[in-house]
Number of protein chains: 2
Amino acid sequence: MKRYRKIGFKLTPQRLAILDCLEGNTSHPSAEDIYRRLKKKFPTMSFATVYNTLDALTRKGEILEITIDPERKRYDPNTQPHHHLICNKCKKIVDVTINFKVTIPERFRRSFEILGNHIEFYGLCRECKKKGG
Amino acid sequence: MKRYRKIGFKLTPQRLAILDCLEGNTSHPSAEDIYRRLKKKFPTMSFATVYNTLDALTRKGEILEITIDPERKRYDPNTQPHHHLICNKCKKIVDVTINFKVTIPERFRRSFEILGNHIEFYGLCRECKKKGG
DNA sequence: ATTTTTGTTAAGAATTATTCTAATGAAGAG
DNA sequence: CTCTTCATTAGAATAATTCTTAACAAAAAT
């Protein structure tokens, strides 16, 4: 619960609400998703606070900013290296916590220090497939 | 050269210029990069034309819209399935035209029809590493 | 060779996502 | 209590992209 303290920034009610909203959330919400969900509880909550907090958390490595949806940034509280499955139709994003071995040849490593990788699988989720692609 | 005809849309001078600018271009330019480069030759060129054309080409499958840079869309004339290497620092994107075998377990395939995948390798390019990360 | 249709362009307005700014406020240090 | 620091808010500003509209040009139909 209050393992949040170790993040090392001031825990305000707004920030706690954002953290709670993110905790275990596998829906990869955008800033707006979070804002919309939170303003019920905090009608005075500002967009800037959501952006500031998400930015602070990203810089502290507590969450990941994911760049899959061309329309907006999305955030993922799961900071373990993992991959994603994206529905081309509804843009739903599903976590794939499997470790794939993809090794890039030496010739690339000579000009680039590789620090990690991320695989996006794309396709059609069952719901969208039913409705016809 | 005029294999462009088969694309099946009207080939105007502006569109030809955009196509030429893209042809064999491995720099993954953004709409603005293209616009800036083209308005020298076509001072009357409008941003809207660049966006419309990129959009039309994307829908026709002639180019790919790539969603790696959180700030803007970038375009890639290489429509063969391939992967990318991104420098965390300067955001340079390099093509990796290697076929990796990444097979996702059956349990994912049951709820998702997988149509493809894209691997992003991220790290530091030589130049940025020299300057110190 | 006109007319009609269809699709393209340019300019700028509009929209959307995000960042910045300035004023205010709360919490902790002294 | 007063000072300092950092967070919050509202709203302005910015940046990327999309939309709208009018003028236009090529192709198709007459």
### Query
Using 30° and 60° as the class limits, which term best fits the ring planes of A/His84 and A/His82: parallel, tilted or perpendicular?
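Perpendicular, since the angle between the ring planes exceeds 60°.
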
Quickly work out the [X] [atom1] to [N] [atom2] distance and round it to whole Å.
X: B/Asp55; N: D/dT18; atom1: CG; atom2: P; value: 7 Å
X: A/Lys10; N: D/dA7; atom1: NZ; atom2: P; value: 6 Å
X: B/Phe9; N: C/dT9; atom1: CZ; atom2: C1'; value: 13 Å
X: A/Tyr51; N: D/dT14; atom1: OH; atom2: P; value: 17 Å
X: A/Tyr35; N: C/dT19; atom1: OH; atom2: P; value: 16 Å
X: A/Asn52; N: D/dC6; atom1: CG; atom2: C1'; value: 11 Å
X: B/Glu32; N: D/dA16; atom1: CD; atom2: P; value: 6 Å
X: A/Arg15; N: D/dT8; atom1: CZ; atom2: C1'; value: 9 Å

Salt-bridge criterion met for [X] and [Y] (N-O under 4.0 Å):
X: A/Asp33; Y: A/Arg37; value: no
X: B/Lys92; Y: B/Glu127; value: yes
X: B/Lys91; Y: B/Asp69; value: no
X: B/Glu32; Y: B/Arg36; value: yes

### Task
Identify whether NZ of Lys or CZ of Arg in A/Arg126 sits under 6.0 Å from the centre of the six-membered ring of B/Phe112 and within 45° of that ring's axis.
no

### Query
Between A/Thr12 and B/Phe47, who's closer to the 5' end of DNA chain D by nearest nucleotide?
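Going by which nucleotide is closer to the 5' end, it is A/Thr12.
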
### Strand contacts (DNA chain D) in residues 68-77 of chain B, 4.0 angstrom heavy-atom criterion
B/Glu71, B/Arg72, B/Lys73

### Query
When B/Tyr35 is tested against each of B/Phe47, B/Tyr51, B/Tyr75 for ring pair (Phe, Tyr, Trp, His ring centres under 6.0 Å), which residue passes?
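In the set B/Phe47, B/Tyr51, B/Tyr75, the residue that makes a ring pair (Phe, Tyr, Trp, His ring centres under 6.0 Å) with B/Tyr35 is B/Phe47.
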
### Message
If only side-chain N and O atoms count, and only distance matters, is there a donor-acceptor pair under 3.5 Å linking A/His28 with A/Asp95?
### Response
yes

### Task
Check whether any side-chain N or O of A/Thr58 sits under 3.5 Å from a backbone N or O of A/Leu54 as a donor-acceptor pair, and report yes or no.
yes

### Message
Please give me every residue in residues 38-46 of chain B whose heavy atoms get under 4.0 Å of an atom in DNA chain C, ordered by residue number.
### Response
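Residues of residues 38-46 of chain B under 4.0 Å from DNA chain C: B/Thr44, B/Met45, B/Ser46.
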
